[in-house]
Amino acid sequence: MSTEDRAHLSEMIWQVVATIPHGRVASYGQIARLCGFPRHARYVGATLKQLPEDSELPWHRVINAKGEVAFRADSEQRRRQIERLRAEGIAVSDGRVSLPEFGWQP
DNA sequence: TGTATGACCCCAA
DNA sequence: GTTGGGGCCATAC
C-alpha cells in the first residue's frame with residue numbers, strides 16, 4: 001500500500017461513511033470493502049479515531065461485524081455513540097444493534 | 001529490524 | 001448464545 005493509496009483511502013472512507021443513510025449502520029469491514037480495500041477494517045477504525053470532536057461525519061453509524069459498538073464497555077465514547085444511534089431511531093440493547101433490521105445494504 | 005497495539009473479522013466448538 | 005484462536009495491517013516506539 002503506497003502513501004498515495006493511504007491518502008486516497010482516508011478520503012474514500014470519509015465519503016463512504018458520509019453515505020450511510022440516517023437510521024442505518026455499517027461495519028468497519030464493510031466500509032473497507034466499499035472503498036476497494038478489503039482486510040483493512042482496522043484502518044477504518046484508526047481513521048475514524050482521528051476525527052475531530054465536532055466532525056459532521058456520522059461516525060456513530062459504524063460498528064463491528066457483530067453489530068456491537070466497538071468501544072470498551074466502560075468508556076465515555078461508547079455511551080455517546082449509543083446515545084446518537086438512539087437519537088435517530090436505531091434500537092440499541094446492551095450495546096448491540098440488530099443488523100438484519102438496521103444494517104445498510106448499498 | 002522487531003515488537004506491541006488496536007473503534008476489526010471469521011470460524012470452529 | 002458464548003469463547004478462543006488465528007488472521008489481518010497500519011502505527012508507534
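- When each of Q50(A) and R42(A) is assigned the nucleotide of DNA chain C bearing its nearest heavy atom, the one mapping closer to the 5' terminus is R42(A).
- Using atom P as the reference point in both dA7(B) and dG7(C), the two lie 22 Å apart (nearest Å).
- The distance between atom CD1 of I63(A) and atom P of dC8(B), rounded to the nearest whole Å, is 12 Å.
- First and last contacts of DNA chain C with chain A, using any nucleotide atom under 4.0 Å from a protein heavy atom and ordered 5' to 3', fall at dG7(C) to dT11(C).
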Report all side-chain donor-acceptor pairs from residues 5-12 of chain A shorter than 3.5 Å, counting only partners two or more places apart or in another chain.
from	atom 1	to	atom 2	distance (Å)
D5(A)	OD2	S2(A)	N	3.3
D5(A)	OD2	S2(A)	OG	3.3
S10(A)	OG	R6(A)	O	3.1
S10(A)	OG	Y43(A)	OH	3.2

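- Counting heavy atoms from C-beta outward, N64(A) and S27(A) have side chains that stay 4.5 Å or more apart.
- Heavy atoms of A46(A) sit nowhere under 4.0 angstrom from any nucleic acid atom.
- In this structure, D74(A) atom CG and dA7(B) atom P are separated by 13 Å, rounded to whole Å.
- Between F37(A) and V44(A) the shortest side-chain heavy-atom distance does not fall below 4.5 Å.
- Residues H40(A) and Y28(A) fail the side-chain proximity criterion, which asks for heavy atoms closer than 4.5 Å.
- Proximity of W59(A) to Q81(A): side-chain heavy atoms (C-beta onward) are separated by under 4.5 Å at one or more points.
- Atom CD in Q81(A) sits roughly 12 Å away from atom P in dA7(B) (whole-Å rounding).
- Taking atom NZ of K49(A) as the reference point, atom P of dG6(B) lies 7 Å away to the nearest angstrom.
- Contact check for C35(A) versus Q15(A): no side-chain heavy atoms found under the 4.5 Å cut-off.
- In this structure, R78(A) reaches neither bases nor backbone, as no heavy-atom distance under 4.0 Å exists between it and the strands shown.
- Here the side chains of E68(A) and V97(A) are not in contact, with every heavy-atom distance at 4.5 Å or above.
- Residues from residues 11-39 of chain A that place a heavy atom under 4.0 Å from any atom of DNA chain C, listed by number: R39(A).
- One finds no salt bridge joining E88(A) and R84(A) here, because no Lys/Arg side-chain nitrogen approaches an Asp/Glu carboxylate oxygen to under 4.0 Å.
- Rounded to an integer number of Å, the gap from Q77(A) CD to dG6(B) P is 13 Å.
- Contact annotation: the side chain of P58(A) approaches that of V17(A) to within less than 4.5 Å [non-hydrogen atoms, C-beta and beyond].
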